[in-house]
Amino acid sequence: MTEGYLCGMDRKVRVRFAPSPTGGLHLGGVRTVLFNYLFAKQSGGDFIVRIEDTDQNRFVEGAEQYIFDTLAWCGLQPDESPAHGGPYAPYRQSERKQNYRKYAEQLVKDGYAYYAFDTTEELEARRKQIPNFQYSHATRMQQQNSLSLDEATAKEKMNGPHVIRIKMPENETVQFTDMIRGEVSFHTSQVDDKVLLKADGMPTYHLAVVVDDYLMKISHAFRGEEWLPSAPVHILLWKWLGWENEMPEWAHLPLILKPDGNGKLSKRDGDRLGFPVFAMDWTDPKTGETTTGFRERGFLPEAFVNLLALLGWNDGTDTELFTLDELVKQFSMSRVHKGGAKFDYEKAKWFNHEWIRRLPASALRPAVSELLQHAGIQLADGNLLDKVIELVKDRCTLLPDFIQQAGFFFQSPAEIDTAAIKPKWDESKNLFFTELVRAYQLCGFWDAAELEKEFKELAAVNKLKPGELMLPLRIMLVGGKFGPGVFDIAGLIGKAETIRRMEHVLGLLV
RNA sequence: GCCCGGUUCGUCUAUCGGCUAGGACAGCCCCCUUUCACGGGGCAAAGACGGGUUCGAUUCCCGUACCGGGUACCA
């Protein structure tokens with residue numbers, strides 16, 4: 001603990017997010033980014049994105065661009081990355097391929113690793129015949145490698161395909177301090193001889209993270225809890241490569257779990273339960289299948305970031321709403337939870353609702369405007385839009401809700417829910433509304449308060465309860481049982497439009 | 001199987017030995033509003049289990065149970 005603290009003290013904070021570009025970025029990934037970002041920014045450090053594309057078989061077209069697009073949407077800009085450049089370029093591991101071999105060879109030379117010649121087929125057969133086969137201290141001498149074979153055979157085999165494996169000690173304890181979990185320790189007897197360098201010359205994740213974290217001077221390494229079991233491999237590598245004093249501090253983040261049952265959240269759960277899992281729409285280039293993202297579902301980036309931050313972290317008070325800047329100030333790794341959190345879509349929507357209410361119309365305008373136009377609604381008056389947004393945003397949980405809540409301000413309702421008023425419709429009401437139309441026509445002024453006053457006076461003259469007349473008026477102007485105060489609506493859509501809508505519905509009711 | 005991690009209301013969580021266990025989401029009720037919301041008020045709801053340690057354990061230790069992660073030439 002002390003050791004890590006001391007070595008972190010005189011070092012600039014540099015963190016990295018290291019995704020492999022294999023598909024859409026989901027919740028958990030973005031949260032890992034967020035925690036990295038918050039931690040770096042609060043101490044004036046650097047946030048690096050490094051693409052871990054060491055598995056050529058899993059390369060997916062467009063996945064890398066998608067990652068940068070979602071970071072941009074979230075407002076989490078990297079300081080260094082393949083897209084942003086930086087002093088430690090390249091930031092794509094496939095482009096750093098030539099870096100890794102020498103470290104693996106050095107480990108072999110120092111006796112910490114060895115060459116292995118077993119083919120994939122041989123290993124598969126092994127695993128089939130021995131239930132829990134592990135390539136480890138217990139079995140390595142029965143395998144084809146530079147430790148078990150005589151020198152001549154091994155030398156000859158070196159001409160063919162081979163990998164480099166780490167030689168895990170038979171009986172050692174590897175201990176380290178995790179910023180979230182405290183002291184964690186492993187017995188090396190339980191961990192297998194992981195491949196460090198593959199037959200194609202590419203490093204595996206295990207070698208690549210260590211080498212690149214070292215080369216890129218990473219001070220703190222945050223990743224998901226699923227990496228905890230391989231931590232001893234990485235720690236031993238830091239030690240054996242002679243970089244122990246520069247090893248980053250570790251933090252293994254808790255997982256985000258599926259809302260029902262068990263297990264970590266996957267994109268399938270979203271499909272199954274009807275909520276997004278990816279940050280933005282992701283179209284699989286192979287199947288052409290599109291998975292809906294939070295953005296397209298109508299989430300604000302402010303809300304998305306906010307809800308992610310609160311999944312596994314809190315500031316110790318009852319505050320739940322934070323801007324990114326506030327998060328940067330308040331965030332603390334020591335307050336990150338150890339346990340996994342089930343994702344709750346209802347709560348996620350609540351965050352979005354709160355953010356829609358919080359933001360001024362001007363901030364909402366671009367998104368709402370685009371949404372309305374996509375729905376075929378013409379926005380003649382830009383000034384009106386801001387007023388409408390301000391008036392209806394309390395009723396919108398997701399951005400698309402604005403289509404229903406704001407659409408009728410710009411366009412006469414296509415459908416009129418006459419069924420809602422017909423049962424109680426009678427001649428006295430018909431008369432009232434006919435008179436109201438006339439009264440409004442004569443109106444010299446046009447604002448909500450006056451319209452309401454006029455309405456109530458006329459109701460009183462006709463000995464009708466205003467309450468019974470409000471719903472019909474709403475249906476006339478809105479088309480259905482929703483929207484803000486009726487007179488506010490009338491005030492905003494204007495005299496001509498109000499009268500036109502009233503007359504139109506009056507005609508339907510005859 | 002083995003290894004590692006985790007375990008407070010249905011869900012996200014507060015509590016760093018003193019608790020009548022607090023907040024939020026969702027649920028239910030009432031008020032406000034004769035739309036729907038917002039808002040206000042209220043109800044209901046939790047420390048997996050068993051042992052220690054202690055004057056005192058949700059909090060510390062040990063077991064058990066349950067959940068999760070890992071166990072690839074994937075990350």
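To find a chain, count down the sequence lines: A is the first, B the second, and so on, and within it residues start at 1. As the structure is a prediction and not an experimental result, all values here were calculated from the model. All values below come from the heavy atoms of this structure, side chains included, with hydrogens, waters and symmetry mates left out.
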query = When we call it a touch if two heavy atoms are under 4.0 Å apart, what does A/Arg335 touch: a base, just sugar-phosphate, or nothing?
reply = sugar-phosphate

task = Look at all strands and tell whether A/Pro484 reaches a base, only sugar-phosphate, or nothing, counting heavy atoms closer than 4.0 Å.
result = base

inquiry  = Over all strands shown, is A/Gly224 touching base, sugar-phosphate only, or nothing at heavy-atom distances under 4.0 angstrom?
reply    = nothing

request  = Quick one: label A/Gly483 by what it contacts on the DNA or RNA (base, sugar-phosphate, nothing), any heavy atom closer than 4.0 Å.
outcome  = base

query = So, is A/Arg127 close to the B/rC73 phosphate, meaning a side-chain N or O under 4.0 Å from OP1 or OP2?
reply = yes

ask   = Heavy-atom count around A/Lys338 NZ within 6.0 Å, excluding the residue itself: above 12?
value = no

B/rG5 - base-pair partner by Watson-Crick or wobble geometry, distances under 3.5 Å = B/rC67

inquiry  = Can you identify which nucleotide, out of B/rG5, B/rU11, B/rU71, has its nearest atom closest to the A/Lys342 side chain?
reply    = B/rU11

ask   = Got a second to check how far A/Arg31's CZ is from A/Asn36's CG, nearest 0.5 Å?
value = 11.5 Å

query = Under the rule syn = chi within 90° of 0, otherwise anti, which is B/rC38?
reply = syn

Which residues share a side-chain hydrogen bond (donor to acceptor under 3.5 Å, both in side chains) with A/Lys267, sequence neighbours left out = none

ask   = With a non-hydrogen cut-off below 4.0 angstrom, is A/Thr22 in contact with a base, only sugar-phosphate, or nothing?
value = nothing

remark   = Taking for A/Leu257 and for A/Trp313 the nucleotide of RNA chain B with the nearest heavy atom, the one nearer the 5' end belongs to A/Trp313

inquiry  = I'd like to know whether A/Lys429 forms a salt bridge (charged side-chain N to carboxylate O under 4.0 Å, His left out) with A/Asp426, so could you lay out the CA-CA distance, the side-chain angles of the two residues, the decisive distance to 0.1 Å, and finally the verdict.
reply    = CA-CA 6 Å; A/Lys429 283 179 184 160; A/Asp426 57 27; 5.0 Å; no

task = Report yes if a side-chain nitrogen or oxygen of A/Arg223 is closer than 4.0 Å to either non-bridging phosphate oxygen (OP1 or OP2) of B/rA75; otherwise report no.
result = no

message = Using the P atom as the point on both nucleotides, what is the distance between B/rC19 and B/rC30, in whole Å?
response = 36 Å

note = The correct set of residues in residues 228-237 of chain A placing a heavy atom under 4.0 Å from RNA chain B is A/Leu228, A/Pro229

Distance between C1' atoms of B/rA48 and B/rC31 (Å, rounded) = 40 Å

message = Heavy atoms from C-beta onward define the side chain here; which of B/rA37, B/rG6, B/rA75 lies closest to that of A/Asp55?
response = B/rA75

inquiry  = Given A/Asp118, which partner from the list A/Arg126, A/Gln143, A/Gln144, A/Arg140 fulfils the side-chain hydrogen bond (donor to acceptor under 3.5 Å, both in side chains) test?
reply    = A/Gln143

ask   = With sequence neighbours left out, which residue pairs that include part of residues 401-418 of chain A fulfil the side-chain hydrogen bond (donor to acceptor under 3.5 Å, both in side chains) condition?
value = A/Ser412-A/Glu497

task = List for me each residue that meets side-chain hydrogen bond (donor to acceptor under 3.5 Å, both in side chains) alongside A/Lys347, sequence neighbours excluded, and say none if there are none.
result = A/Glu320

ask   = At under 4.0 Å, does any side-chain N or O of A/Thr204 touch on OP1 or OP2 of B/rC74?
value = no

query = How are the rings of A/Phe331 and A/Phe35 set relative to one another: parallel (under 30°), tilted (30 to 60°) or perpendicular (over 60°)?
reply = tilted

message = Measuring from the side chain of A/Leu255 (C-beta onward, heavy atoms only), which nucleotide among B/rC12, B/rG68, B/rC38 has the closest atom?
response = B/rG68

query = So what does A/Asp118 hit on the nucleic acid, given a heavy-atom distance under 4.0 Å: a base, only sugar-phosphate, or nothing?
reply = base

ask   = In chain order, what residues pass the side-chain hydrogen bond (donor to acceptor under 3.5 Å, both in side chains) check against A/Arg297, with sequence neighbours excluded?
value = none

task = Among residues two or more places apart or on two chains, list those pairs meeting side-chain hydrogen bond (donor to acceptor under 3.5 Å, both in side chains) that have a residue in residues 454-476 of chain A.
result = A/Glu452-A/Lys456

request  = Check whether any side-chain N or O of A/Arg165 sits under 4.0 Å from OP1 or OP2 of B/rC73, and answer yes or no.
outcome  = yes

query = Taking only side-chain nitrogens and oxygens of A/Lys198, does any of them come within less than 4.0 Å of OP1 or OP2 of B/rC74?
reply = yes

ring-ring contact (aromatic ring centres under 6.0 Å, His included) partner of A/Phe304, the single match among A/Phe294, A/Phe299, A/Phe278 = A/Phe294

note = Expected string for nucleotides 23-33 of chain B under the B/S/- scheme (protein heavy atoms, under 4.0 Å, primed atoms plus P, OP1, OP2 as sugar-phosphate) is SBB--------

note = With the side chain defined as heavy atoms from C-beta on, A/Gln190 is closest, among B/rC2, B/rG5, B/rA14, to B/rC2

message = Could you tell me how far B/rG22 sits from B/rU58 if I compare only their C1' atoms? Round to whole Å.
response = 13 Å

key: Separation between CZ of A/Arg58 and OG1 of A/Thr22, rounded to the nearest 0.5 Å   = 5.0 Å

ask   = Which part of the nucleic acid does A/Ala341 contact within heavy-atom distance under 4.0 Å: base, sugar-phosphate only, or nothing?
value = sugar-phosphate

Nucleic acid contacts of residues 457-468 of chain A, taken as heavy-atom distances under 4.0 Å to RNA chain B = A/Lys465, A/Gly467, A/Glu468

task = Assign A/His337 to base, sugar-phosphate, or nothing according to its heavy-atom contacts below 4.0 angstrom with the strands shown.
result = sugar-phosphate

Distance in angstrom units between A/His187 NE2 and B/rC2 C1', rounded = 14 Å

Return the polar atom pairs (N/O with N/O) between nucleotides 41-43 of chain B and the protein under 3.5 Å, or none.
none

inquiry  = For B/rA44, give the paired nucleotide (Watson-Crick: N1-N3 plus N6-O4 or O6-N4; G-U: N1-O2 and O6-N3; both under 3.5 Å), or none.
reply    = none

task = Just name whichever nucleotide pairs with B/rU15, Watson-Crick or G-U, keeping both distances under 3.5 Å, else none.
result = none

task = For nucleotides B/rG41 and B/rG6, find the distance between their P atoms and express it as a whole number of Å.
result = 39 Å

message = Let's see if you can work this out: which of B/rU71, B/rC73, B/rG69 has an atom nearest to the side-chain heavy atoms of A/Leu123?
response = B/rC73

key: Test side-chain hydrogen bond (donor to acceptor under 3.5 Å, both in side chains) applied to A/Asn99 - qualifying residues, sequence neighbours left out   = none

request  = Tell me which residues in residues 132-140 of chain A put a heavy atom below 4.0 Å from RNA chain B, sorted by number, or none.
outcome  = A/Asn132, A/Gln134

task = Send over the distance from A/Leu25 CG to B/rA75 P, rounded to a whole Å.
result = 17 Å

request  = Indicate whether the side chain of A/Glu105 and that of A/Tyr115 have a donor and an acceptor atom separated by less than 3.5 Å.
outcome  = yes

Aromatic contact, A/Phe322 with A/Trp313 (centres under 6.0 Å) = yes

Could you pull out every donor-acceptor pair under 3.5 Å between side chains of residues 160-172 of chain A and any protein atom, sequence neighbours left out?
from     : atom 1 : to       : atom 2 : distance (Å)
A/His162 : ND1    : A/Gly160 : O      : 3.0
A/His162 : NE2    : A/Arg101 : NH2    : 3.4
A/Arg165 : NH1    : A/Asp193 : O      : 2.7

query = So, A/Tyr91 and A/Asp212: side-chain donor and acceptor under 3.5 Å apart, yes or no?
reply = no

request  = Report yes if the distance between the aromatic ring centroids of A/Tyr103 and A/Tyr214 is under 6.0 Å, otherwise no.
outcome  = no

request  = Inspect the surroundings of CZ in A/Arg268 and state if more than 12 heavy atoms from other residues, nucleotides or ligands are less than 6.0 Å away.
outcome  = no

inquiry  = Does A/Phe186 reach a base, just sugar-phosphate, or nothing at all? Heavy atoms under 4.0 Å.
reply    = sugar-phosphate

